[in-house]
Number of protein chains: 2
Amino acid sequence: MSDAPSFRNPTAHDVARLAGVSQSAVSRAFTAGASISPDKREKIIAAADQLGYRPNILARSLIQGTSKVVGVVFGQFENPFFAHALDRFAEEFAARGLRILLFTAKTNATVDEQVAELLSYKVSAVILMAVNLSSKLAAECARSNIPVVMFNRTTEEDHAAFTVTGDNAAGATAIARHFLATGRKRIAYMAGYDDSSTSRQREAAFFAALADSGLPPPRRAIGHYSRHGAIEATRALFASASDQPDALFCANDLMAIAAIETLRAEFGIEPGAQCAVAGFDDIPMASWPSFSLTTYSQPVADMVARAVAFIAGETGEEQAVVVPGKLIVRNSA
Amino acid sequence: MSDAPSFRNPTAHDVARLAGVSQSAVSRAFTAGASISPDKREKIIAAADQLGYRPNILARSLIQGTSKVVGVVFGQFENPFFAHALDRFAEEFAARGLRILLFTAKTNATVDEQVAELLSYKVSAVILMAVNLSSKLAAECARSNIPVVMFNRTTEEDHAAFTVTGDNAAGATAIARHFLATGRKRIAYMAGYDDSSTSRQREAAFFAALADSGLPPPRRAIGHYSRHGAIEATRALFASASDQPDALFCANDLMAIAAIETLRAEFGIEPGAQCAVAGFDDIPMASWPSFSLTTYSQPVADMVARAVAFIAGETGEEQAVVVPGKLIVRNSA
DNA sequence: CTGTTAGCGCGTTCAC
DNA sequence: GTGAACGCGCTAACAG
């Protein structure tokens, strides 16, 4: 395989020679809206087909200084919410002729490296899903005129990025009120990460709504937005048999579902009556009969559409879009 | 945003001027293993930092005729098996300095388009996850010396692609034997797609093993590898109250889990005793207490590692790798 | 509408 | 070890 006959792909020159035209004519034949006569175009296309020619997108991008590629940095593969969002992005982008260059980052530290490399690829935009970018790199992107979208995260710094999130405050408040309205007293909260704006915003609004009703601050554990972490957090919260919560709000559905299963399997608690469990996102799984999870929805399709609109420059001056969701009451709370 | 001051990114020339060296020296400073004196390299790096210079990967790839990018065409976002595999690919690639250009294809027809475009990007390999490629495009890839990997699919055509799959035949046979050993008589099969090699291979081995024991061919329905399709297929298979199956083998775990929930919610059947349900893949969800799904495992990490090894040229002449899994017996069967 | 010309930014000879 | 010169494949600006 190493010393194959070093096949050279046909270039526009080759096609031009075969079709008896100039190389730039070939270029025009492959450029939508270029001025070229139909018959000449046909002849060129025929010659190209014969040779198996395809324009080299790298060369094109080099000239134009930008590629039809969007860099996506992805954090959480475990959470179906983001898988779904990635799917939606792929579809929206495909419709606009954009491609996805995918990076994954397990830690925030690597995000900067990834984005730095994305700049080398002259991507036309960067999307950060569930990860944070340093302001230094945000500035670099701005300097190169590359729009940056933070998906499901916000940032304190102005103009560092366009952010699109669900309505964390409204959602957490709705969950709190629902708990209160159904007479819950010993309420607990399971956070994602402490450095996740999403988790912090949900927590702040949740705590505030409870405090408004004179309740003490909830018990609290950190589930790291993962199933494994959520199981451990549930164990910690319910360890004391004499003082178990009667309601649990988890910062996302993935953790809430893990909590439900742990309560059933390890504590003999059937979520709903004895202890209410609520999540956030309304991932498809939340509606599965095994979980029937009460949650606050984040409309993925809308959120993605807003992000794509921004990238496409179809948006005004707004920097932070909050897409409203709604409380979905099911059997778990 | 449209008429920003049209910022030009610094080039190697700019750095060279600032550092008082030639442009090729700059190139060498950024090329691992190039011969350049340490102090000169330092000076260049300093100048580059000051200017915020990063090599333009597009230009580099244009010269070298290949980019450190692997094209991935992705079919099924709904199935966590593939999400997990994509995650593993991302990690393995990152370790080798490879990037992922992601395409999605809902239909087989679009796969050809996607791959054709990947060729324009001069990708160094193509990975097809759960989709089929026409032999025409496979040939084009071969002509351009671009290795093609079909992940979890096989092809009849020789040398069209490197394929890596789980052990469909052994797995389906193991499930069949397990059903037989536990006294099941009225056995049903839920296929994925009829044009999926994976589904066909599992079906063939499953039917053969049952036939060996003198059982009639199972009842059969098509679940389209989706939750929705699996729910409908389950309804169809269990519609006649007088003749319900006592065992159901689904072509993947995602469908098996949907079947389990449908049996519980709509037919009052608790999988395990009255009716056995088995899947294929051993996705993480299969082990969740709500499902406790009996299944045959496909070791994602191994499969991905084999695929990556092939791309990296660390593999011999083999064209079709079958990675063995094992029967995982849980409560559902 | 068409061909000619001049680069895009960088890696890679090739002399020194 | 270093710089000059060339060219990767293509688009864009220009003249006809």
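Lettering follows sequence order; numbering is per chain, from 1. Worth knowing before you read on, the calculation uses all heavy atoms, side chains too, and leaves out hydrogens, waters and symmetry mates.
Among the nucleotides dG9(C), dC1(C), dC8(C), the one closest to any side-chain atom of N56(B) is dG9(C). Side chain of S24(B), nearest nucleotide from dG9(C), dC1(C), dT12(C): dT12(C).
The only member of T110(B), V73(B), I146(B) that meets side chain to side chain contact (heavy atoms under 4.5 Å, CB included) when paired with V115(B) is V73(B).
Between K106(B) and D87(A), at least one side-chain N (NZ, or NE/NH1/NH2) sits under 4.0 Å from a carboxylate O, which counts as a salt bridge. For E91(A) and R96(A), the salt-bridge test fails: no basic side-chain N is under 4.0 Å from an acidic carboxylate O.
Using a 4.0 Å heavy-atom cutoff across all strands shown, I36(B) reaches sugar-phosphate atoms only and no base atom. At the heavy-atom level, Y53(B) lies under 4.0 Å from the strands shown only through sugar-phosphate atoms. At the heavy-atom level, T11(B) lies under 4.0 Å from the strands shown only through sugar-phosphate atoms. At a threshold of 4.0 angstrom between heavy atoms, the contacts of Q64(A) are confined to the sugar-phosphate backbone, with no base atom among them.
The phosphate of dG11(C) has OP1 or OP2 within less than 4.0 Å of a side-chain N or O from S27(B). An OP1 or OP2 oxygen of dG3(C) is reached within less than 4.0 angstrom by a side-chain nitrogen or oxygen of K40(A).
Checking A59(B) against R28(A), the closest nucleotide of DNA chain D that is more toward the 5' end is the one next to A59(B).
Separation of the F74(A) and F103(A) ring centroids does not fall under the 6.0 Å cut-off.
As rounded to whole Å, 9 Å separates atom P of dC10(C) from atom NE2 of H13(B). The CG atom of L62(A) sits 9 Å away from the P atom of dC8(C) (whole-angstrom rounding). The distance between atom CG of N9(B) and atom P of dC8(C), rounded to the nearest whole Å, is 14 Å. dG11(C) atom C1' lies 15 Å from atom NZ of K68(B), rounded to whole Å. Summarising the geometry, the separation between CZ on F30(B) and P on dT12(C) is reported as 15 Å, rounded to the nearest angstrom. Atom CD1 of I44(A) is separated from atom C1' of dG3(C) by 12 Å (rounded to the nearest Å). Across the protein-nucleic acid pair, Q23(B) atom CD and dG11(C) atom C1' stand 8 Å apart, rounded to whole Å.
A donor-acceptor pair under 3.5 Å links the side-chain atoms of S197(B) to the main chain of T154(B), judged by distance alone.
In this structure, a donor-acceptor pair under 3.5 Å is present between the side chains of R54(A) and S120(B).
Using a 4.0 Å cutoff to heavy atoms of chain A, the contacted part of DNA chain D runs 5' to 3' from dG9(D) to dA13(D).
Residues V69(A) and Y121(A) fail the side-chain proximity criterion, which asks for heavy atoms closer than 4.5 Å.
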